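Here's the structure, in structure tokens; my notes come after.
It should be emphasised that the depicted structure is a prediction, and the values quoted were computed from it without experimental measurement.
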Amino acid sequence: MAVKSKRRTYRSDVRAASVDEGRARMVEAGRKLLMGGKGMPAFSIDAVAREAGVTRATVYNQFESKHVLLAAIFDDIAQKGGLFELSQVFSEPDPEKALRRAVAIFAKFWGGHAQTMPKFTAFGQLDEEVATLMSERAERRRKLLAAIVARMTPVHSPADLVDVLYALTSAEFYRLLAVHGRSTKAIEELIWQAVADAVNRFTK
């Protein structure tokens, strides 16, 4: 009986590894399609299946819908880009340290996806589901900033401060500073200076 159990466990592990590998391949295929480029077809379930070398049914078996697949792609990008480190920001009791850490994480992410995010934004103008997912993830940033501001006392017009911080930590603001050969670290420092000035204005 013990031997049979081990065989079943081995087969189960192999099957799980195969499923994980296939899922990762489909997510990567979807990311490539979203980025676009010369000769790349438009993003679709069929296109993802062809790019990943699987059937359309296999994609649906893994992700159930286009929306779920897109969410998995965005989550993969966020994880590889370090956005999952934001959990440390939520656990940081000092609002200034939390905000400083958030600025560093977002700057690193925007810097690492300087070419990718504009393409996603452009694609979002053509695909409502992509636009919706990008908007939902942007709101997560707003909620994080609101949680940090809630720890500050006193704050004049906290909603206004959150809006200002939201703008200063955006991909758009990062791109505006990504000129004159500035490094990601240099841009991060400029963003932090602007963030610190905004906080001082609303807390003094």
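Looking only at distances, a side-chain donor or acceptor of R151 sits under 3.5 Å from a matching main-chain atom of E92. Between the side chain of R31 and the backbone N or O of I73 there is no donor-acceptor pair closer than 3.5 Å. Distance alone, capped at 3.5 Å, places no donor-acceptor pair between the S135 side chain and the T132 backbone. Using a distance-only test at 3.5 Å, with no hydrogens or angles considered, no donor-acceptor pair links the side chain of D76 to the main chain of A72.
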For residues 152-166, which side-chain donor-acceptor pairs fall under 3.5 Å, sequence neighbours excluded?
residue	atom	partner	partner atom	Å
H156	NE2	K204	O	3.1
D163	OD1	R142	NH1	2.6

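Contact between P118 and A114 at its shortest, heavy atoms only, is CD-O, 3.2 Å. Across all their heavy atoms, L168 and F173 have their closest contact at O-CD2, 3.2 Å. E51 and A29 get closest at one heavy-atom pair: CG-CB, 3.5 Å. Between F90 and A147 the shortest heavy-atom distance is CE2-CB, 4.2 Å. Considering all non-hydrogen atoms of both residues, A47 and A42 come closest at CB-O, 3.4 Å. Across all their heavy atoms, R25 and A52 have their closest contact at NE-O, 2.8 Å.
Of the residues T169, I148, V149, the one that meets the side chain to side chain contact (heavy atoms under 4.5 Å, CB included) test with L99 is I148.
Applying the side-chain contact (heavy atoms from CB on, under 4.5 Å) rule to A104 yields the partners R100, E188; only residues at least two apart in sequence or on another chain are considered. In terms of the salt bridge (Lys or Arg N to Asp or Glu O under 4.0 Å) criterion, residue partners of E85 (sequence neighbours excluded) are, by chain and number, R101. Taking D46 as the reference, R56 meet the salt bridge (Lys or Arg N to Asp or Glu O under 4.0 Å) condition, with sequence neighbours excluded. E172 meets the salt bridge (Lys or Arg N to Asp or Glu O under 4.0 Å) test with no other residue; sequence neighbours excluded.
At least one side-chain heavy atom of V27 sits less than 4.5 Å from a side-chain heavy atom of F63. When side chains are defined from C-beta on, F106 counts as touching L86, because their heavy atoms get closer than 4.5 Å. Side-chain contact between M35 and M40 is absent, with no heavy atoms from C-beta onward closer than 4.5 Å. Contact check for L69 versus Q62: no side-chain heavy atoms found under the 4.5 Å cut-off.
The structure places OG1 of T116 at 11.5 Å from CH2 of W110, a figure rounded to the nearest 0.5 Å. To the nearest 0.5 Å, the span separating CE on M134 from CG on L70 amounts to 11.5 Å. In this structure, CG in L144 is found 12.0 Å from CZ in R140, a value given to the nearest 0.5 Å. Separation of atoms CG (L33) and CZ (R50) is listed at 8.5 Å; rounding is to 0.5 Å. How far CD1 of I187 is from OH of Y174: 3.5 Å, rounded to the nearest 0.5 Å. Note that the CZ atom of R137 and the CD1 atom of I77 stand 9.0 Å from one another [nearest 0.5 Å].
More than 12 heavy atoms of other shown residues, nucleotides or ligands fall within 6.0 angstrom of atom CZ in R182. Crowding of E96 atom CD: a count of heavy atoms from other residues, nucleotides or ligands under 6.0 Å not exceeding 12. Within a 6.0 Å radius of NZ in K143, other residues, nucleotides and ligands contribute 12 heavy atoms or fewer.
For residues 61-74, the salt bridge (charged side-chain N to carboxylate O under 4.0 Å, His left out) pairs, not counting sequence neighbours, are K66-D127, K66-E129.
Ring centroids of F120 and F74 are separated by less than 6.0 Å, placing the two rings close together.
By the criterion of side-chain heavy atoms lying less than 4.5 angstrom apart, applied directly or through intervening Ile, Leu, Val, Met, Phe, Trp or Tyr residues, V103 is not grouped with F84; the two fall into different hydrophobic clusters.
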